[in-house]
Amino acid sequence: MPSFFKNQKKQKNSHTANDSNSCVESSLEANRQYIARKMGDSSDIIVRHLKLGLNLEIEVAIIYIEGIVDNQSIQDSLIDSITKEPSKTNVTVNNALDVISKSIVTTDDLSVINKWEDVFLSLTAGDTIILVDGINKVLSASTAGGETRAISESTTEMVVRGPKAAFTESIGVNLAMVRRIIKSPDLWTESLKIGRITKTKVNLMYINGVVKEEIIQEVRNRLKEIDIDSILESGYIEQFIEDQTLTPFPTVYNTERPDVVAGNLLEGRIAIFVDGTPFVLIVPAVFTQFFQSPEDYYARFDIATSIRLLRIFMFLISLIAPAIYVAATTFHQEMVPTTLIVAIAAQREAVPFPAFVEALLMELTFEILREAGIRLPKAVGSAVSIVGALVIGQAAVQASIVSPAMVIVVSITAIASFATPAFDMAISARLIRFLYMLGAATFGFYGIILVLLLMIVHLCSLRSFGIPYMAPFAPFIPGDNRDTVIRLPWWNLRNRPRLVSDNSVREENEKSGPPTGRNMKRNISQEGDNSES
């Protein structure tokens with residue numbers, strides 16, 4: 001690039017920086033024109049001119065952006081208050097801002113600013129700014145509002161028993177939903193803005209005294225290091241703060257359920273709220289966390305444990321079922337019962353492809369159908385995916401492209417993949433499944449074991465904000481295994497995860513067990529004896 005254009009670019013950038021850091025002028029008209037020029041004379045910038053003072057000699061302008069403000073609040077707290085009997089208001093140019101903020105405007109959240117950067121941040125955040133002619137400062141009133149989506153039922157984390165409410169796109173509503181669950185003064189939040197252009201509001205939430213101080217400091221540092229022009233969803237944040245990028249496994253947990261966030265906060269974890277999305281990030285995350293459903297904690301411990309074991313078993317099926325079929329039919333026919341292997345061989349007699357190619361074709365076909373079903377309109381998406389699977393599967397079998405046994409294996413694999421509660425972990429299984437198939441097609445069962453060992457070593461090497469991903473199995477922590485693959489009763493879950501929380505004791509009273517019917521009967525009889533005596 002020629003030096004002339006470089007110099008021009010430098011001058012332009014410095015001019016923009018100076019404009020953003022410059023102070024507000026005392027001329028109301030000059031300030032109004034600068035706002036209009038800076039925001040491109042946008043049609044949604046509303047300017048209301050008012051008069052103050054004994055002789056209505058003081059000019060006041062109210063400026064806000066239509067659609068992101070609460071119009072009723074502006075009308076009641078600002079416009080009506082300023083225009084109500086202005087002639088009796090003892091106000092001059094020198095004390096105008098003080099009188100407006102203390103005696104006229106009824107809005108609680110007010111702040112005085114004099115930098116243009118702060119002015120535009122307030123405007124775009126839904127605040128209303130008040131300009132007074134002759135004063136080089138601006139009064140910012142919090143009037144954020146506008147149309148938002150109502151609280152509805154979760155669409156990605158369905159439960160049979162438990163709360164049905166899910167987060168919305170409003171960060172204020174989301175924070176309030178968690179505060180309604182955890183009514184503690186130790187529930188702290190920190191706010192920051194990320195994105196050079198979008199200035200997206202991001203909030204940290206944690207329980208003071210429960211969270212580890214070094215973890216919360218690490219989260220702060222990683223968020224402050226993010227340098228990007230826009231943050232449109234929490235997935236942007238997740239990709240910047242995760243410990244390792246080159247892994248198919250998620251190391252940051254996300255949820256749209258307030259009860260899940262509350263439960264993780266009580267364990268010592270940190271929630272990251274991003275304005276504009278209903279999905280909240282939770283860190284640090286461990287492997288077993290992605291197989292736990294909210295209703296595991298609302299059901300009895302024996303039911304919850306059996307369902308968790310079923311989920312893990314189905315996760316393994318979704319990983320290695322096609323690979324086992326490929327290995328058994330290609331290398332290890334002697335390990336299959338004679339009757340079954342004869343039936344499978346008879347079905348595959350007319351199939352021109354080896355078992356690996358057959359499995360690869362069916363898996364790719366199913367992934368295409370699943371993705372198409374998600375993108376299609378809701379009214380026809382499920383019908384098209386079901387009809388497509390039935391028609392294509394039946395036609396493929398009749399055309400001798402695949403065998404009926406392969407259709408059954410792929411169908412079981414697809415159903416098993418839907419049993420994983422966390423969508424991110426289910427996607428990981430869909431990707432790793434092809435590696436297992438490749439290993440089975442190359443070395444048979446030895447290839448499956450080799451890929452399994454590599455996956456375990458990779459999982460043990462992962463970290464989530466310094467916490468081992470496979471904890472409490474690697475490293476093995478006996479006390480933390482009460483709520484992993486199995487879930488013990490609530491009266492036995494006295495401790496929080498030691499690697500996550502500084503305050504590891506949930507209850508101070510160390511009881512030997514729950515109150516049983518026999519103990520209750522004994523207590524009642526003792527109370528009766530005491531009353532008689």
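The first residue of the sequence shown is numbered 1, and numbering continues consecutively from there.
Using a cutoff of 4.0 Å between basic side-chain nitrogens and carboxylate oxygens, R433 and E367 are scored as salt-bridged. Using a 4.0 Å cut-off between a side-chain N of Lys or Arg and a carboxylate O of Asp or Glu, R300 and E295 do not qualify as a salt bridge.
Nearest heavy-atom pair across L123 and I68 is O-CD1, 3.7 Å. Between A165 and I151, the shortest heavy-atom contact is CB-CG2, 3.8 Å. Closest of all the heavy-atom pairs between L265 and V210 is O-CG1, 4.2 Å.
Considering CZ of F287 and OG1 of T484, their distance stands at 12.0 Å, rounded to 0.5 Å. Here the straight-line distance linking atom OH of Y64 with atom CG of L78 works out to 9.5 Å at 0.5 Å rounding. Atoms CD1 and CD, from I226 and Q239 in turn, are 10.5 Å apart once rounded to the nearest 0.5 Å. Here the CD-CZ distance, from E363 to R430, works out to 10.0 Å after rounding to the nearest 0.5 Å. Note that OH of Y253 is 8.0 Å distant from CD of Q292, once rounded to the nearest 0.5 Å. Interatomic distance, CD1 of I182 versus CD1 of I207, reported as 4.0 Å (0.5 Å rounding).
Around atom CZ of R463, more than 12 heavy atoms belonging to other residues, nucleotides or ligands sit under 6.0 Å away.
Side-chain atoms of S73 do not come within 3.5 Å of backbone N or O of D70 as any donor-acceptor pair. Counting only distance, with no hydrogens or angles, the side chain of E157 and the backbone of E256 share a donor-acceptor pair below 3.5 Å. Looking at D118, its side chain never comes within 3.5 Å of a backbone N or O of N114 through a donor-acceptor pair.
Residue pairs meeting the side-chain hydrogen bond (donor to acceptor under 3.5 Å, both in side chains) criterion with at least one member in residues 305-319, sequence neighbours excluded, are D296-R308, D296-R311, Y297-R308, R308-D483. Listed by first and then second residue, the side-chain hydrogen bond (donor to acceptor under 3.5 Å, both in side chains) pairs that reach into residues 272-285 are E233-T277, sequence neighbours excluded.
Under the 4.5 Å side-chain criterion, counting only non-hydrogen atoms from C-beta, M205 is not in contact with W188. Under the 4.5 Å side-chain criterion, counting only non-hydrogen atoms from C-beta, K201 is not in contact with L192. Counting heavy atoms from C-beta on, the side chains of V119 and I129 come closer than 4.5 Å. Put simply, the side chain of F273 reaches to within 4.5 Å of the side chain of F167, judged on heavy atoms. I272 has its side chain out of reach of S234: every pair of non-hydrogen atoms, C-beta onward, lies at least 4.5 Å apart. For the pair K193 and V202, the minimum side-chain heavy-atom distance is 4.5 Å or more.
For F120, the ring pair (Phe, Tyr, Trp, His ring centres under 6.0 Å) partners two or more places apart in sequence, or in a different chain, are W116. Remark: A426 pairs with T420 by the side-chain contact (heavy atoms from CB on, under 4.5 Å) rule, at least two apart or across chains. Residues passing the side chain to side chain donor-acceptor pair (under 3.5 Å) test with D480, sequence neighbours excluded: none.
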Margin query: Checking T168 against S170 for the side-chain hydrogen bond (donor to acceptor under 3.5 Å, both in side chains) test, could you report, in this order, the C-alpha distance in whole Å, the side-chain angles of both residues, the deciding distance, and whether it holds?
Written below: CA-CA 5 Å; T168 67; S170 174; 5.0 Å; no
Next item on the list: Could you give me the CA-CA distance, side-chain angles and deciding distance for K115 and E117, then say whether salt bridge (Lys or Arg N to Asp or Glu O under 4.0 Å) is met?
Entry: CA-CA 5 Å; K115 297 284 187 182; E117 182 179 6; over 6 Å; no
Checklist line | Verdict with supporting geometry, Q72 and D76, side-chain hydrogen bond (donor to acceptor under 3.5 Å, both in side chains) | finding: CA-CA 6 Å; Q72 192 64 39; D76 297 340; 3.0 Å; yes
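When V283, V211, L281 are each tested for a side chain to side chain contact (heavy atoms under 4.5 Å, CB included) with V219, only one passes: V283.
A cation-pi contact links R222 to F465, judged by a cut-off of 6.0 Å to the six-membered ring centre and 45° from its axis.
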Can you give the donor-acceptor pairs under 3.5 Å from side chains of residues 452-461 to other protein atoms, not counting sequence neighbours?
| residue | atom | partner | partner atom | Å |
| --- | --- | --- | --- | --- |
| H458 | NE2 | T247 | OG1 | 2.7 |
| S461 | OG | H458 | O | 2.6 |

